[in-house]
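Positions are given from 1, in the same order as the sequence printed here. Just so you know, these numbers come straight off a predicted model, no measurement behind them.
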Amino acid sequence: MPPPSPSPVVADRAPRLVEERGELSRAVTRALRSGAAPRHAAVAVRRADPWGEDLHLALYLLYELHYRGFEGVDDVREWDPDLLRLRRALESRFLDALRAELTDAPRTVSEAFAPLLVEPVDLTGSLSQYLATDGELWQLREYAALRSLYHLKEADPHVWVIPRLTGRAKAAMVAIEYDEFGAGRADRVHARLFADLMDDLGLDNAYGRYVDHAPAPLLATVNLMSLLGLHRALRGALVGHFASVEITSSPGSRRLAKAMRRCGAGAAAERFYAEHVEADAVHEQVVRHGVVDGLLTDEPALEPDIAFGCAATVLLEDRLTAHLREAWDRGASALRRPLE
């Protein structure tokens, strides 16, 4: 008997444009609605907070033109030269801030990955450990709503690196991505599994539904993988980002599965993370020995870039964890607006 058909994923529909958060995001939304070039003060980008709400929403909106686009926005705007010039300026601001924060970060793969390969004895600062032991259902719902901006396109930006790799690195990357996309089964695509998780938690699984709820620290984590994926010059950093995610996924997923089970979130909610415990333990070995080692063999000069991608990922995840814990420790929502 064939498996039951999953509930439809509303995510197939292009999302709507969201409310702006300042001059730059206002310039982007108005340009997309009108079909005109973005209009903003020449100094607006230079003055923008590289970690702030306005810059990261503007960057997120510009990146989404390369994914699903927006309802009512012509697809040709993806390669609009005026929008691309603004995107490049915002990216430079973001990258400069990352590099300034990471001047003392490791520059070799072994140094960058070493802390991630050992489970810490003290998990006090671990967000997944907090959710596993002390988290409440409302916090799991907030966490899932925010992470949906990543997980509903989980493997998409990483695919961009495949044509930029060769030999062993390319073969290993394709093998991992094949699993991420369900190994040929639509009902096993990881984005589909996360949509089922959202259903269990009473959330809207539409693609991009919770952008208005997402604060800058979350948008920055999503923007990083789009930034690294879209630039061939940053292919090493994207591999570093991908490797750091896969290396840390299995133990974190084990704790999040426990959190979902303890809070009675539902079978699909627990299944998403349980699926990643075993799969990502295998992926960790493939990404380290196949993708990373293969790329280093082909292009050894990219080692500092791989280390940078790893360090940038850890930095932004730490910033997001700090934001969530600061709010939750006060008993307050970590979202910009409450869930319905």
Got a sec: does the [atom1] of [X] have more than 12 other heavy atoms crowding it under 6.0 Å?
X      : atom1 : answer
Arg262 : CZ    : yes
Asp329 : CG    : yes
Arg16  : CZ    : no

*Would His158 and Glu180 satisfy side-chain hydrogen bond (donor to acceptor under 3.5 Å, both in side chains), going step by step from the backbone distance to the final call?*
CA-CA 10 Å; His158 298 131; Glu180 297 287 345; over 6 Å; no

*So, Glu19 and Arg337, do they make that salt bridge, N to O below 4.0 Å?*
yes

_Between Glu326 and Arg330 (salt bridge meaning N to carboxylate O under 4.0 Å), is one present in this structure?_
yes

Is the side chain of [X] donor-acceptor paired with the backbone N or O of [Y] at a distance under 3.5 Å, no angle test?
X      : Y      : result
Arg235 : Leu165 : no
Tyr150 : Val222 : no
Asp212 : Val18  : no
Asp200 : Ala269 : yes

*Test side-chain hydrogen bond (donor to acceptor under 3.5 Å, both in side chains) on Ser226 and Tyr67 and set out the steps.*
CA-CA 10 Å; Ser226 297; Tyr67 293 101; 2.8 Å; yes

*Step by step, would you call Arg77 with Asp80 a salt bridge (charged side-chain N to carboxylate O under 4.0 Å, His left out)?*
CA-CA 5 Å; Arg77 300 305 298 283; Asp80 181 289; 3.2 Å; yes

_Sequence neighbours excluded - salt bridge (charged side-chain N to carboxylate O under 4.0 Å, His left out) pairs with any residue from residues 126-148_ = Arg147-Glu317

*Does the pair Glu299 and Arg164 meet the rule for a salt bridge (charged side-chain N to carboxylate O under 4.0 Å, His left out), with working shown?*
CA-CA 11 Å; Glu299 301 186 84; Arg164 298 160 183 171; over 6 Å; no

*Which word best sums up how the rings of His276 and Tyr273 line up, parallel for under 30°, tilted for 30 to 60°, or perpendicular for over 60°?*
tilted

*Can a cation-pi geometry be assigned to Arg87 and Tyr63, taking NZ or CZ under 6.0 Å from the six-membered ring centre and within 45° of the ring axis?*
no

*Cation-pi check, Arg288 to Phe113: give yes when NZ or CZ is under 6.0 Å from the six-membered ring centre and within 45° of the ring axis, no otherwise.*
no

_Under the criterion salt bridge (charged side-chain N to carboxylate O under 4.0 Å, His left out), I'd like the reasoning laid out for Arg47 against Glu23: C-alpha separation, chi angles, the key distance, then a yes or no._
CA-CA 11 Å; Arg47 291 177 177 173; Glu23 181 179 358; over 6 Å; no

